[in-house]
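Below: one structure, written as structure tokens.
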Amino acid sequence: MPFTLATWNINSVRLRAELVLKLLREEAPDILCLQECKSPVDMIPFDLFAQAGYGYWAARGQKGYNGVAILSRLPLADAGHIDWCTKGDARHVAARLENGVIIHNCYIPAGGDVPDRTVNEKFGHKLDYLTELRDHFGANRPEKSILVGDLNIAPREDDVWSHKQLLKVVSHTPIEVAHLADAQESGAWVDITRADIPEGQLYSWWSYRARDWDAADKGRRLDHIWASRDISAAGHGSRILRDARGWTQPSDHAPVFATFDL
DNA sequence: ATGTCAAGCGCAGCTTGA
């Protein structure tokens with residue numbers, strides 16, 4: 001049974017519950033992975049999502065920061081949480097579908113403003129988080145697995161509006177790109193979005209600070225869908241719903257979609 | 001470099017994070 005999956009950094013699931021419902025109604029992915037829910041799990045309006053047909057969920061939350069949730073209209077079981085860097089934050093949750101597929105929903109640390117771990121702890125945290133993620137999937141080779149989320153890195157030159165101008169900007173620095181590549185290689189993860197759409201500029205995030213995000217189009221592809229190699233050929237239909245960035249009181253991220261024939 | 005959001009705390013408007 002094919003299923004469609006979307007990943008979206010919602011930047012507050014309570015403030016934007018109506019936008020989540022709009023996405024579920026209009027685009028109807030089978031599974032929606034959210035990041036930056038910024039809410040304890042018991043305050044997320046799962047009843048609203050259930051009324052829209054999404055009765056299954058797995059989530060981890062904390063007050064004010066981070067937070068990840070998987071909403072599904074297909075039966076799904078909580079498959080645990082990994083606390084990379086052991087800070088007790090809510091940056092990962094996994095779920096298992098009835099067909100055995102494991103979905104990892106990740107929110108990688110943004111990394112602060114200065115791309116130098118000697119003066120910016122948050123940048124060190126980001127690199128260390130990626131290293132621990134790499135080691136985890138190196139030791140636990142993923143099979144029948146999908147990893148999605150706001151990875152907070154735009155790895156390719158055509159994943160940013162200006163490669164040259166962003167080389168020293170956190171999210172596109174060579175050291176981050178190398179750490180992400182190491183994490184990807186350790187799990188033999190396939191970047192489904194780029195396997196599907198190998199050519200051309202592709203963005204999933206536009207800053208709130210740009211006065212006209214659409215016209216300026218200074219975007220970055222920070223949100224990703226990866227699949228383990230054994231199921232990567234089943235992935236297709238990738239797209240980014242740019243329109244959602246223009247919805248009323250939007251998230252600064254747009255949802256990324258892929259379909260898997262499994 | 002600029003700039004705009006959101007949550008917490010707590011009831012105004014600051015701080016932190018992105």
Side-chain angles (χ1 to χ4, degrees), chain A residues 7-23 33-45 59-69 83-85 87-92 105-117 119-130 148-155 159-173 175-177 179-180 203-224 242-256:
Chain A
T7 179
W8 194 14
N9 178 319
I10 192 63
N11 187 17
S12 175
V13 70
R14 282 181 281 160
L15 186 69
R16 284 187 249 280
E18 286 302 321
L19 292 191
V20 172
L21 290 169
K22 179 177 168 70
L23 185 85
C33 296
L34 299 170
Q35 304 86 36
E36 279 210 88
C37 296
K38 296 186 174 177
S39 175
V41 170
D42 61 7
M43 292 176 67
I44 296 174
R60 294 296 183 277
Q62 64 188 93
K63 192 161 67 175
Y65 301 110
N66 308 319
V68 284
D83 185 14
W84 289 302
C85 294
K87 288 178 178 285
D89 52 11
R91 296 181 176 276
H92 169 267
N105 182 15
C106 300
Y107 175 52
I108 291 192
D113 290 329
V114 182
D116 177 351
R117 67 179 306 153
V119 296
N120 172 15
E121 277 183 21
K122 292 183 211 165
F123 195 71
H125 177 215
K126 182 178 198 173
L127 298 181
D128 291 346
Y129 193 93
L130 287 160
V148 308
D150 179 1
L151 307 188
N152 264 314
I153 295 172
D159 290 337
V160 293
W161 65 275
S162 169
H163 170 63
K164 272 181 94 170
Q165 287 179 257
L166 289 173
L167 270 170
K168 293 179 178 173
V169 174
V170 173
S171 72
H172 191 62
T173 65
I175 190 169
E176 290 169 85
V177 171
H179 275 64
L180 187 70
Y203 313 139
S204 65
W205 175 88
W206 296 260
S207 173
Y208 284 128
R209 297 178 194 182
R211 66 194 73 220
D212 186 344
W213 72 273
D214 195 30
D217 202 20
K218 293 183 175 180
R220 307 177 199 170
R221 188 173 70 104
L222 304 180
D223 303 275
H224 300 266
R242 183 185 174 112
D243 282 1
R245 181 61 179 80
W247 290 352
T248 303
Q249 201 176 15
S251 168
D252 46 354
H253 293 253
V256 181

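We name chains A, B, ... by the order of the sequence lines, and we start the count at 1 in each one. These numbers were taken from a predicted model, which means no experiment stands behind them.
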| said: Please list all pairs meeting salt bridge (Lys or Arg N to Asp or Glu O under 4.0 Å) that have one or both residues in residues 11-23 of chain A, counting only residues at least two apart or in different chains. | reply: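 Of all non-adjacent pairs touching residues 11-23 of chain A, those that pass salt bridge (Lys or Arg N to Asp or Glu O under 4.0 Å) are A:Lys22-A:Glu26.
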
Span that lies between the [atom1] atom of [M] and that of [N], in whole angstrom:
| N | M | atom1 | answer |
| --- | --- | --- | --- |
| B:dA7 | B:dA12 | C1' | 15 Å |
| B:dT16 | B:dG10 | P | 15 Å |
| B:dC14 | B:dA1 | C1' | 24 Å |
| B:dC11 | B:dA6 | P | 23 Å |

| remark: The answer to which of A:Lys218 and A:Lys122 contacts DNA chain B further toward the 5' end, by nearest nucleotide, is A:Lys218

| said: On DNA chain B, compare the nucleotides closest to A:Gln165 and A:Asn9; which residue's is nearer the 5' end? | reply: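 The 5'-side residue here is A:Gln165.
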
| task | Give the first and the last nucleotide of DNA chain B, reading 5' to 3', that has any atom under 4.0 Å from a heavy atom of chain A. | result | B:dG3 to B:dA18

| Is it the case that more than 12 heavy atoms not belonging to A:Asp113 sit under 6.0 Å from its CG atom? | no

| said: Regarding A:Asp217 and A:Arg242, does a basic nitrogen lie under 4.0 Å from an acidic carboxylate oxygen? | reply: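 So A:Asp217 pairs with A:Arg242 through a salt bridge.
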
| query | Who passes side-chain hydrogen bond (donor to acceptor under 3.5 Å, both in side chains) against A:Asp116, sequence neighbours left out? | reply | A:Thr118

| query | With under 30° as parallel and over 60° as perpendicular, where do the rings of A:Trp205 and A:His253 fit, or are they tilted in between? | reply | tilted

| query | Side chains of A:Tyr208 and A:Asn11: donor-acceptor distance under 3.5 Å anywhere? | reply |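 Short answer, yes.
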
